[in-house]
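Data first, discussion second: the structure below is written as structure tokens.
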There are 2 protein chains.
Amino acid sequence: MENTCPLNYGLEIFGDRWSLLVIRDIAFWGKKTYGEFLSSNERPATNILAGRLARLEKNGFIVKRTDEKDKRKEIYSLTEKGLDLIPMLMEIGAWSAKYDPRQPEEFKQFVTMVRADQQRLTAHFIDKVRNGGAIFADAVGRQSTDS
Amino acid sequence: MENTCPLNYGLEIFGDRWSLLVIRDIAFWGKKTYGEFLSSNERPATNILAGRLARLEKNGFIVKRTDEKDKRKEIYSLTEKGLDLIPMLMEIGAWSAKYDPRQPEEFKQFVTMVRADQQRLTAHFIDKVRNGGAIFADAVGRQSTDS
DNA sequence: ACAGGTTACTTGCAAAGTGCAAGTATTTTT
DNA sequence: AAAAATACTTGCACTTTGCAAGTAACCTGT
């Protein structure tokens, strides 16, 4: 396995639509059980959902415990490692708020509020790339080209 | 197709490892050609890379133009829509810097610098979810459960 | 101007992953 | 005790992936 640089590590584990949607359901909608994840608008297949929950748990993004009040239910929740994905999820949401025509005005306002805090630096980096530069140019050592 | 809520829209198009790695290569490493993307550490298959480039172009994340100095080459670059993914990529990078043991110290420092700017609000949301709440609780209308 | 290399792809095919439908096991409800 | 609910698993057709090998256009050196 060959995982050298910035984004790749995470992408192999959580960089898949269904995994991220599970984490979204927990963080953004407060969902906690298999049945709740299943009934999301995107309707994952049961076996896929089960597989993703198992992988997310194995990789330490979520934990499950049996609901004491109803032992048929498993309660899933985010670990610290999973909670730390929230800033990334919010950026995906911010992007969607801007480009998805179906996003409700409500959500766009929420994003605007969040964004007020953090525009400065990222705007600088976007400019850099727009002008043909790269974020890591001169900031971090150049990536190796060989295997 | 059923694309109602916050993150789903983008995830269907760019929410795939190879697509994001292409965008990373352009934004973070300044890569511009098919050959440069191919020689990344993660070594995508040639057909997969070609397919992703075509899809990213079709969906307006990148554009290609023939290199005037060497007409064998196609120069890929990010559109505004693609540039706007940079904040999200930086958050993925920030997460990786924290959890990927292979990340160099150099990169962790870069991330710390970036983060100094934007910690406040996201920390608040993480707390909310950690305590069993959800980011959208009372902030945005509750998601519909039916199809 | 021709030969050989470079670049950006495409094609064929086996293996892996996805998604629907149906089933099972445990627990709760009636 | 029977029925419903919940969290899964299993079987199977279909799709996607990834390796290996090709092809077409262009450039480079002689």
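Below, chain A is the first sequence line, B the second, and so on; all start at residue 1.
Sequence order on DNA chain C of the closest nucleotides to K69(A) and D16(A) puts D16(A) first from the 5' end.
In this structure, R72(B) does not pair ionically with D67(B), as no charged nitrogen and carboxylate oxygen lie closer than 4.0 Å. The pair K98(B)-D84(A) meets the salt-bridge criterion, with a side-chain N (NZ, NE, NH1 or NH2) lying under 4.0 Å from an Asp/Glu carboxylate O. Ion pairing of R24(B) with E42(B) is present here, as a side-chain N (NZ or NE/NH1/NH2) and a carboxylate O approach within less than 4.0 Å. Contact check on K32(B) versus D25(B) returns no salt bridge, with no Lys/Arg side-chain nitrogen under 4.0 Å from an Asp/Glu carboxylate oxygen. Between E74(A) and R65(A) there is no salt bridge, since none of the side-chain N atoms of the basic residue sits less than 4.0 Å from a carboxylate O of the acidic one.
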Report all interatomic pairs (protein N or O, nucleotide N or O of nucleotides 8-10 of chain C) with separations under 3.5 Å.
unit_1	atom_1	unit_2	atom_2	d
dA8(C)	OP2	G35(B)	N	2.7
dC9(C)	OP1	K64(B)	NZ	3.1
dC9(C)	OP2	Y76(B)	OH	2.5
dT10(C)	O4	T46(B)	OG1	2.7

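Taking atom CZ of R43(B) as the reference point, atom P of dT17(D) lies 20 Å away to the nearest angstrom. R55(A) has its CZ atom 16 Å from the P atom of dC8(D), to the nearest Å. The distance between atom CG of D70(A) and atom P of dA5(D), rounded to the nearest whole Å, is 12 Å. What separates CZ of R17(A) from P of dG17(C) is a distance of 19 Å, to the nearest Å. Residue L49(A) contributes atom CG, which lies 15 Å from atom P of dT6(D) at whole-angstrom precision. Taking atom CD on E42(A) and atom C1' on dG19(C), their separation rounds to 16 Å, with Å as the unit. Atom CD1 in I48(A) sits roughly 14 Å away from atom C1' in dA21(C) (whole-Å rounding).
The phosphate of dT18(C) has neither OP1 nor OP2 within less than 4.0 Å of any side-chain N or O from W18(A). Contact annotation: R52(A) side-chain N/O to dT18(C) OP1/OP2 distance is under 4.0 Å.
Among residues at least two apart or in separate chains, ring-ring contact (aromatic ring centres under 6.0 Å, His included) pairs with a member in residues 56-80 of chain B are W95(A)-F61(B), F14(B)-F61(B), F37(B)-Y76(B).
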